[in-house]
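First the structure, in the form of structure tokens, and then the observations on it.
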Amino acid sequence: MNKSLYILLIVFLGLTAASGVLNCIIRLLIEGAVYSLDAYPAWFLVVNSTAIIGSMLLLKYYYHHNYWFAFFTGIIVVIANLGYAAVFYIMLMWGGKSFYLPISLVYLCAIIGYSLTLIFSNTRKRPWVKLAGICGLLIGLVLLSAYIGSINPKNVHINNILEKIVPWSQMIGALINVFFIMNFLDEIRALKAENTHTSGPESLENLFLFAAIVAFAFSMAFGAPLFNQSFGLFWGRNHDSDLAQQMVKLAGGAKIFVDGKGDSLRYILIKPQGYDPQKKYPLVVSLPYGRYEAGAAQVLSDAYRGAYPAFIFVPYIPEHQSWGGVPGLPSLDTLIYETISALPEPGIDVKRRYVTGVSFGAYGTWHFICSHPDMFAAAIPVSGAGDPKLASKIVNMPIWAFHGAKDRNVPVSGSRDMIAAIKKAGGHPKYTEYPDDGHGIWGQVSETPGLWNWLFAQKQK
């Protein structure tokens, strides 16, 4: 190999390492929300294309030095990576997880096998390459443990630990490319010392040089929007956290309900502005869609608090549990129903209890009204999904659902199917769909003309 190809290897592996680190930092900041950002699919394609080209150059390096075990296991890793990237991209764009776990297992096993060859085959003579193999093996085993934990979620504590370790492991995995870069720098110095130059096809070198320039340009072009959107979301979450703390103060602190079995639920209950115990007020159940966000609760406890006096109930949920309606996650629905029924504050109008939620909270909203339609007078699910088989239970329920047609986090079919099933069963739900928007539509929803007038006008007979 000549110096030009070594430099190309360094460029591509360096881009792969840098983009991998950026990806992991963003994931640590905003967690799984990164996958719903509009800029992420294009970034994902650029990053994986760069990584594939770097891997192919690495295969050329193995071939040139007769590192046959590393060469053949490297081919398996490239094929597995292509399969994983294709499945993941399909998930990003169109949803569905049927092949994700199998292809992830194949990819992890390929990485572990490849790492073993770097440690024990003739590549072990290159210290930096051997070190890359050792780190790759350790990270592969950690990720495999996380994979096994995701299949058998029996120990929640261990799974929580693994979930926090995974992003850091992936970041270290991206930095393994630095070990290869150090190896190539050593070999370039050896070439200079020996004053040798192995020529190669000039057209191939020019092609890889052009690819390196394009990869760098694309990484910058698509990385900048992703960073901006991620930072915006991170800032928004911090802002939501501040608002959540304000709501806690407004409610006089969090409360705890304990049922007859000893199960407990933390929640806040904000009283109406100008609260008079002798009067009746509606109760708005606002299901948070994340750690801090509470959607309607933030709006109704701030800008609209004077216009729509109401009790605002916000329950909190532990990790790896749900409001209901989310496959694979245990539900707190029964505990929440009991808490709502046991609220001691006088003045709650039981015929004007409303439920609303966004995304994760919208799944709960659909689930609540389908499982306990007699408890609620109206519902506003935003960017969620329910079970169309239960539509007959809510034909008389006033519902105004919202969804973005380009939602990649929760497919728009989640709302469309529920609305269609309710109409087929004889109901008359309201539905607003934003044709050019994705998952983050709550700001528009909250400002929909007539929305809050419609909600607070509903009352059970």
Side-chain angles (χ1 to χ4, degrees), residues 95-98 282-289 295-296 313 315 317 321-341 348-405 407 409-434 439 441-442 445 448 450-461:
K97 298 182 178 181
S98 302
L283 173 72
V284 179
V285 178
S286 182
L287 302 179
Y289 56 91
F313 174 79
I317 195 167
Q321 296 194 53
S322 75
W323 311 118
V326 180
L329 289 179
S331 172
L332 284 183
D333 55 351
T334 301
L335 186 58
I336 295 172
Y337 303 148
E338 291 184 26
T339 306
I340 293 172
S341 299
I348 295 176
D349 189 346
V350 296
K351 292 188 177 295
R352 297 179 66 201
R353 290 187 293 213
Y354 314 124
V355 59
T356 179
V358 182
S359 188
F360 190 68
Y363 277 87
T365 300
W366 284 114
H367 178 73
F368 278 24
I369 60 177
C370 287
S371 60
H372 270 62
D374 57 325
M375 178 171 277
F376 303 101
I380 303 176
V382 182
S383 303
D387 185 352
K389 295 177 182 177
L390 303 177
S392 61
K393 296 185 176 183
I394 51 175
V395 290
N396 297 318
M397 173 76 66
I399 298 168
W400 194 341
F402 296 82
H403 217 120
D407 194 329
N409 196 9
V410 180
V412 68
S413 58
S415 290
R416 288 177 181 174
D417 292 348
M418 284 302 297
I419 296 299
I422 295 169
K423 288 182 176 179
K424 185 177 180 180
H428 303 282
K430 295 169 68 70
Y431 177 54
T432 299
E433 186 174 298
Y434 301 97
H439 195 63
I441 61 173
W442 170 246
V445 172
T448 300
L451 175 66
W452 303 115
N453 285 338
W454 171 86
L455 179 67
F456 288 101
Q458 308 306 321
K459 186 174 184 177
Q460 286 180 312
K461 297 178 180 179

From the list Trp452, Trp454, Tyr431, ring-ring contact (aromatic ring centres under 6.0 Å, His included) partner of Trp400 resolves to Trp454

Pair His372, Asp333 - check side-chain contact (heavy atoms from CB on, under 4.5 Å), show working.
CA-CA 10 Å; His372 270 62; Asp333 55 351; over 6 Å; no

For Val410 and Phe360: C-alpha separation, side-chain torsions, deciding distance, then whether side-chain contact (heavy atoms from CB on, under 4.5 Å) applies.
CA-CA 9 Å; Val410 180; Phe360 190 68; over 6 Å; no

How far apart are the closest heavy atoms of [X] and [Y], and which atoms are they?
X      : Y      : answer
Pro388 : Asp417 : CG-CB, 4.0 Å
Gly324 : Ser331 : CA-OG, 3.3 Å
Leu335 : Thr339 : O-OG1, 2.7 Å
Ser286 : Ala296 : OG-N, 3.7 Å
Arg416 : Ala405 : NH2-CB, 4.2 Å
Gly414 : Ala385 : CA-CB, 3.6 Å

Is the side chain of [X] donor-acceptor paired with the backbone N or O of [Y] at a distance under 3.5 Å, no angle test?
X      : Y      : result
Arg353 : Val285 : no
Ser415 : Val412 : no
Thr356 : Ile380 : yes
Trp323 : Pro288 : yes

To the closest 0.5 Å, what do you measure between [atom1] ([X]) and [atom2] ([Y])?
X      : Y      : atom1 : atom2 : answer
Met375 : Tyr354 : CE    : OH    : 15.0 Å
Met397 : Cys370 : CE    : SG    : 8.5 Å
Leu332 : Glu338 : CG    : CD    : 11.5 Å
Phe376 : Gln458 : CZ    : CD    : 15.0 Å
Ser359 : Leu287 : OG    : CG    : 11.5 Å
His428 : Asn396 : NE2   : CG    : 9.0 Å

Could you walk me through whether Leu390 and Trp366 satisfy the side-chain contact (heavy atoms from CB on, under 4.5 Å) test, starting with their C-alpha distance in whole Å, then the side-chain angles of each, then the deciding distance to 0.1 Å, before giving a yes or no?
CA-CA 10 Å; Leu390 303 177; Trp366 284 114; over 6 Å; no

Could you check whether the rings of Tyr434 and Phe402 sit parallel, tilted or perpendicular, using 30° and 60° as the cut-offs?
parallel

Would Ile399 and Ile369 count as a side-chain contact (heavy atoms from CB on, under 4.5 Å) if you check the C-alpha gap in whole Å, the side-chain angles of each, and the deciding distance to 0.1 Å?
CA-CA 10 Å; Ile399 298 168; Ile369 60 177; 3.8 Å; yes

